[in-house]
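Have a look at the structure below before the remarks.
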Amino acid sequence: QVQLVESGGGSVQSGGSLRLSCAASGYTYISRSCMGWFRQGPGKEREGVAAIDNGGTTRYADSVKGRFTISQDRAKSTLYLQMNSLKPEDTAMYYCAARVYDSCSDSWNFAWYFGHWGQGTQVTVSS
């Protein structure tokens with residue numbers, strides 16, 4: 001049973017920073033896998049924010065490039081999302097997602113690509 005547990009959300013002012021974490025369990029994290037971060041704002045569809053594969057190749061949505069950094073500690077089976085220069089439009093529930101035993105593809109930014117999800121952590125950015 002794959003389990004993903006996010007933490008690190010909160011409320012910050014515009015321009016601030018937050019670091020999200022996602023602890024993974026239930027599968028061999030160090031094996032080939034694609035890990036991603038998604039977000040869903042009020043009344044919006046879930047959108048891909050960033051993804052990383054076992055080789056460390058990263059992918060980002062244009063809206064967060066240069067501000068967000070995805071990383072992982074495979075020894076700790078933990079995924080991170082460092083978010084800097086936060087804007088009010090970044091306000092959303094952020095979800096960790098995993099596609100196990102496979103690599104990331106150009107479909108990484110679609111929710112259907114991932115089979116496992118965490119419960120989400122709320123990020124609120126005030127102006």
Side-chain angles (χ1 to χ4, degrees):
Q1 182 79 15
V2 176
Q3 289 190 318
L4 304 171
V5 180
E6 303 96 334
S7 61
S11 297
V12 296
Q13 290 190 328
S14 182
S17 298
L18 283 173
R19 189 194 196 201
L20 306 184
S21 298
C22 171
S25 62
Y27 69 103
T28 306
Y29 191 99
I30 60 173
S31 66
R32 188 171 60 160
S33 63
C34 178
M35 301 296 296
W37 286 101
F38 281 72
R39 66 186 181 187
Q40 187 166 17
K44 298 182 180 180
E45 293 187 356
R46 192 169 296 190
E47 63 171 347
V49 174
I52 187 168
D53 64 21
N54 63 300
T57 299
T58 57
R59 301 163 188 251
Y60 296 94
D62 288 342
S63 59
V64 305
K65 281 180 181 177
R67 301 188 299 121
F68 291 11
T69 302
I70 189 171
S71 62
Q72 60 190 348
D73 185 332
R74 289 191 164 262
K76 295 182 179 179
S77 298
T78 302
L79 179 72
Y80 303 100
L81 184 68
Q82 178 66 44
M83 305 185 294
N84 298 329
S85 302
L86 282 162
K87 305 175 181 180
E89 51 263 45
D90 294 319
T91 294
M93 184 71 79
Y94 282 72
Y95 298 91
C96 172
R99 181 179 175 92
V100 299
Y101 309 126
D102 199 359
S103 302
C104 295
S105 76
D106 289 342
S107 298
W108 72 269
N109 56 321
F110 293 100
W112 59 259
Y113 190 71
F114 293 86
H116 306 279
W117 294 86
Q119 82 290 347
T121 185
Q122 178 67 38
V123 172
T124 302
V125 185
S126 58
S127 57

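In what follows, every heavy atom counts, from backbone to side chain, and hydrogens, waters and symmetry copies are set aside. Please read these numbers as outputs of a predicted model, since none were measured by experiment. Counting begins at 1 with the first residue of the sequence.
Formation of a donor-acceptor pair under 3.5 Å by the Q82 side chain with backbone atoms of F68 is not found in this model. Side chain of Y80 to backbone of D73: no donor-acceptor contact under 3.5 angstrom is found. Judged by distance alone, with hydrogens and angles left aside, the side-chain atoms of Q40 form no donor-acceptor pair with the main-chain N or O of E45 at under 3.5 Å. At distances below 3.5 Å, not a single donor-acceptor pair connects side-chain atoms of T57 with backbone N or O atoms of G55. Side chain of D102 to backbone of R99: no donor-acceptor contact under 3.5 angstrom is found. Checked by atom type and distance alone, the side chain of T121 pairs as donor or acceptor with a backbone atom of G9 at under 3.5 Å. With W108 contributing its side chain and C34 its backbone, the two residues share no donor-acceptor pair below 3.5 Å. Between the side chain of Q72 and the backbone N or O of S77, no donor-acceptor pair lies under 3.5 Å.
Residues passing the side chain to side chain donor-acceptor pair (under 3.5 Å) test with R19: none are found, sequence neighbours excluded. Under the side chain to side chain contact (heavy atoms under 4.5 Å, CB included) criterion, S126 pairs with Q13, sequence neighbours left out.
Linking ILVMFWY side-chain heavy atoms closer than 4.5 Å, directly or via other members, places M83 and M93 in two distinct hydrophobic clusters.
To the nearest 0.5 Å, atom OH of residue Y95 and atom SG of residue C22 are 13.0 Å apart. Rounded to the nearest 0.5 Å, atoms CD (E6) and CG (L81) are 11.0 Å apart. Taking OG of S71 as the start and CD1 of I52 as the end, the distance is 6.5 Å to the nearest 0.5 Å. With rounding to the nearest 0.5 angstrom, the OG atom of S33 is 6.0 Å from the CG atom of N54.
Taking all atoms of both residues into account, the shortest heavy-atom contact from L18 to V123 is CD1-CG1, 3.9 Å. When every heavy atom of M35 is checked against every heavy atom of L4, the shortest pair comes out as CE-CD2, 4.2 Å. The heavy-atom pair separating R67 from D90 by the smallest distance is NH1-OD2, 2.7 Å. Between Y113 and S103, the closest heavy-atom pair is OH-O, 2.6 Å. Residues A92 and G41 approach most closely at CB-N, 3.7 Å, considering heavy atoms. Taking every heavy atom of both residues into account, W37 and L20 meet most closely at CH2-CB, 3.7 Å.
W117 and F38 have their aromatic ring centers within a separation under 6.0 angstrom.
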V64 vs R39, test: side-chain contact (heavy atoms from CB on, under 4.5 Å). Steps then yes/no. CA-CA 12 Å; V64 305; R39 66 186 181 187; 4.0 Å; yes
Is there a side-chain contact (heavy atoms from CB on, under 4.5 Å) between Y60 and K65 once you walk through the steps? CA-CA 6 Å; Y60 296 94; K65 281 180 181 177; 3.6 Å; yes
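Salt-bridge annotation for R59 and D53: absent, with no side-chain N of the basic residue lying under 4.0 Å from a carboxylate O of the acidic one.
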